[in-house]
Amino acid sequence: MSTITKNSINGGEFLIKETAAQEIFIFEEFSEEQKMMAQACQDFIDTEIHPRIEDIDSMKNPELVPSIFHKAGELGLLGISVPEEFGGMGMSFNTSMLIADIIGGAGSFSTTYGAHTGIGTLPILYYGTEDQKSKYLPKLATGEWAACYCLTEPDAGSDANSGKTKATLTADGKHYLINGQKMWISNAGFADIFIVFAKIEDDKNLTAFIVEKGFGGITMNEEEKKMGIKGSSTRQVFFNDCKVPVENMLSERQNGFKIAVNILNIGRIKLGAGVLGGCRTVATYAVKYAGERKQFGVAINSFGAIKQKLAEMAVRTYACESLCYRAGQDIEDRMEAIASEGISDAEAKLKALEQFAIEAAIAKVHGSEVLDYVVDQGVQVYGGMGYSADAPMERAYRDARISRIYEGTNEINRMLMVGMLLKRAMKGEINLFEPAMAVSQELTSVPSFETIDTSELFAAEKEVIKKLKKVFLMVGGKAAMALADKIESEQEVMMNLADVMIEIYAAESAVLRTEKLVSLRGEEACQPQIAMAQVYLFEAVEKIQTAAKEAIASFTKGDEQKVMLMGLKRWTKADLVNTKELRRQIADYMIEKGKYPFS
């Protein structure tokens, strides 16, 4: 009997179902063992990365990053997700999220780490044969070998399946000769293993191969000169009759595109978590600098304008933490449920990740944009010094920018999450249209005025979130009807709908996390967290109102438009919140602790 219960939520169903606070996982629930692993990771960063950050970014010593990489392997940091039987630590999915989170504070090295442990290693773990796993995973888990992922080509950016790299079977049928060019390949400069995507003959879809550097026929350009993440290796890779044994095909012929999509799902949610370490680091730097920098005879942390920035950094980071670990645990729970039905662990993980691909895309978009906001405000807090290469903000500002581009641009991910939701609804996998029809009927009915018991913590906030979900159902449902099969070409509308989805998920996650935290620690101990959840929700309402209004104006007119705008006004109505006072409370708490203190 399936362990996936009726109460289990599927990917995207947060829009039509209510979730109880006790049903989600929160950052504060990590076990002592997981916290110890995170601390070991932080100690590694403090010892091996931060003291040499300038040397790493200069890349003057080509052996420096590989040597740090090997030390990470010796500590077990590269094998978090690899089963013990293959030399790894076999830890849970959310633990791997936690380590990605901490590594996010390591600057350029976070890209090196993520490319190896994620897109470099996981294709073999999830799709490899037992022989392939036994041969390669132990070396990848220990750092003996480094991995990279060769998908992107000069003329095939977001349209990955249009790649021109070819794999031709030799006359004796024992090898494939790979010819083609890949670009923006992280870790290429010191990689031993290349996960390469190519097309065989006139195949419609890509096929994946495990390619060893020792096979020959591999050349590279010099290191790319990049805006940021300068200490990570990024090169163009050329394959010239690279001779790959047929047994090194990964999975089945033409299954490469599916591999790429599923591995990118992992990369997206890991990137969402992977920005958090950077957000906390930058926020902590800003808090400390604001306490040291004096103007007009006082520390600038006494100014309301600075407090607003510090608090907002914390508010957005807190919401991102909340949604990432909520989604991570949902994925982990689904993995266990599917595996209990007798399906292999690898297939269970892939099915679970595919189920929550919408949430993975949300985590990637939200996280990368929160990081961009935090580093931008960090520069502003530092003022002129923030623009100096001698201060930490300049590097953080440059490093952050790539996050909105890799693992699929944020524009692609926005359209992807809405497209997936609509396709699942059309297939009957998620009951979206029935609630949308109910909301449509509610538009023309007399509004009911229910009394909310405001004595219960977050009762009013959860009522607001319930109404925000009606906004998505109203706008999304009408857009699907009005635009029909043309909706995917209306990219602006798709992005508007995505913004509504993202803000609902983030706001709800922050509120539920705080509610659960209060149940564990008491309301008095959670005042800063309560303030952060309230501020985020208030801001989310404003963003949703703007995005929904833009969408409504683009595909409706006349009476229909007026009715929808009335519905929007009704369902985005919320009590006015004194965000100034709440932000000051949050900032004062940060100043007292001297850091980002909420995780």
K.L.:
Taking atom types as modelled, is there a side-chain donor on Tyr136 or Asn248 under 3.5 Å from an acceptor on the other?
P.N.:
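Side-chain D/A pair, Tyr136 to Asn248: present.
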K.L.:
Who are the side chain to side chain contact (heavy atoms under 4.5 Å, CB included) partners of Glu130, not counting sequence neighbours?
P.N.:
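Per chain and number, Glu130 pairs via side chain to side chain contact (heavy atoms under 4.5 Å, CB included) with Phe86, Lys133.
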K.L.:
Which residue, Lys226, Lys230, Arg395, Arg52, forms the salt bridge (Lys or Arg N to Asp or Glu O under 4.0 Å) with Asp57?
P.N.:
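When Lys226, Lys230, Arg395, Arg52 are each tested with Asp57, the salt bridge (Lys or Arg N to Asp or Glu O under 4.0 Å) holds only for Arg395.
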K.L.:
I'd like to know if the side chain of Lys364 reaches the main chain of Ser403, judged simply by a donor and an acceptor atom lying under 3.5 Å from each other, with no hydrogens or angles considered.
P.N.:
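Such a contact is found between Lys364 side chain and Ser403 backbone.
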K.L.:
Is it the case that Asp333 and Gln329 place a side-chain donor and acceptor less than 3.5 Å from each other?
P.N.:
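Per modelled atom types, Asp333 and Gln329 side chains form a pair under 3.5 Å.
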K.L.:
Please enumerate all residues that pass side chain to side chain contact (heavy atoms under 4.5 Å, CB included) together with Cys324, with sequence neighbours excluded.
P.N.:
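For Cys324 the side chain to side chain contact (heavy atoms under 4.5 Å, CB included) partners, ignoring immediate neighbours, are Met97, Cys320, Ala363.
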K.L.:
Name all pairs fulfilling the ring pair (Phe, Tyr, Trp, His ring centres under 6.0 Å) condition that reach into residues 112-131, sequence neighbours left out, sorted by first residue then second.
P.N.:
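Every ring pair (Phe, Tyr, Trp, His ring centres under 6.0 Å) pair that includes a residue of residues 112-131, provided the two are not neighbours, is Phe69-His116.
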K.L.:
Please check: side-chain N/O of Lys270 versus main-chain N/O of Ser96, any donor-acceptor pairing under 3.5 Å?
P.N.:
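Side chain of Lys270 to backbone of Ser96: no pair is present.
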K.L.:
Are the aromatic rings of Phe30 and Tyr325 close, with centres under 6.0 Å apart?
P.N.:
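Between Phe30 and Tyr325, the centre distance is under 6.0 Å.
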K.L.:
If you measure only the distance, is there a donor-acceptor pair under 3.5 Å linking the side chains of Asn187 and Arg235?
P.N.:
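No, no side-chain donor-acceptor pair sits under 3.5 Å.
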K.L.:
Within the distance-only criterion (no hydrogens, no angle test), does the side chain of Lys139 pair as donor or acceptor with the backbone N or O of Trp145 below 3.5 angstrom?
P.N.:
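Judged by distance alone, no pair lies under 3.5 Å.
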K.L.:
Contact between Glu223 and Ser233 at the side-chain level, heavy atoms closer than 4.5 Å - yes or no?
P.N.:
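Touching, per the 4.5 Å side-chain cut-off.
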K.L.:
Step through the shown structure and confirm whether more than 12 heavy atoms of other residues, nucleotides or ligands are within 6.0 Å of CZ on Phe356.
P.N.:
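Counting other residues, nucleotides and ligands, CZ of Phe356 exceeds 12 neighbours.
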K.L.:
Do Ser554 and Glu490 pair up side chain to side chain, a donor and an acceptor below 3.5 Å, judged on atom types alone?
P.N.:
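Their side chains do not contain a donor-acceptor pair, so the 3.5 Å distance test is not met.
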K.L.:
Counting only N and O atoms by type, is there a donor-acceptor contact under 3.5 Å from the side chain of Asn179 to the main-chain atoms of Asp241?
P.N.:
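Looks like yes, one N/O pair under 3.5 Å.
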K.L.:
Applying side chain to side chain contact (heavy atoms under 4.5 Å, CB included), name anything that partners Glu85, two or more places apart in sequence or on another chain.
P.N.:
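With neighbours one apart ignored, the set is Pro83.
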K.L.:
Distance only, no hydrogens: is a donor on one side chain within 3.5 Å (strictly under) of an acceptor on the other, for Thr409 and Arg404?
P.N.:
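The criterion, which ignores hydrogens and geometry beyond distance, is not satisfied for Arg404 and Thr409.
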K.L.:
Given 3.5 Å as the limit, does a donor-acceptor pair link the side chain of Asp399 with the main chain of Gly228, or not?
P.N.:
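No: the side chain of Asp399 does not pair with the backbone of Gly228.
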K.L.:
Under a 3.5 Å distance rule, please check whether Asp203 uses its side chain to pair with a backbone N or O of Asn205 as donor and acceptor.
P.N.:
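Checked: no pair found.
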K.L.:
Have Ser108 and Thr111 got a donor and an acceptor in their side chains that come within less than 3.5 Å?
P.N.:
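Per modelled atom types, Ser108 and Thr111 side chains form no pair under 3.5 Å.
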K.L.:
Test: salt bridge (Lys or Arg N to Asp or Glu O under 4.0 Å). Region: residues 414-428. Which pairs qualify, not counting sequence neighbours?
P.N.:
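Qualifying pairs, neighbours excluded: Glu369-Arg414, Arg414-Asp499, Lys423-Glu488.
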K.L.:
Below 30° counts as parallel, above 60° as perpendicular, anything between as tilted: where do the rings of Phe239 and Phe194 land?
P.N.:
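The arrangement is perpendicular - the two ring planes meet at more than 60°.
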K.L.:
For Trp184, check side chain to side chain contact (heavy atoms under 4.5 Å, CB included) against everything at least two apart and list the hits.
P.N.:
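Partners of Trp184 under the side chain to side chain contact (heavy atoms under 4.5 Å, CB included) test: Thr152, Glu224, Thr234.
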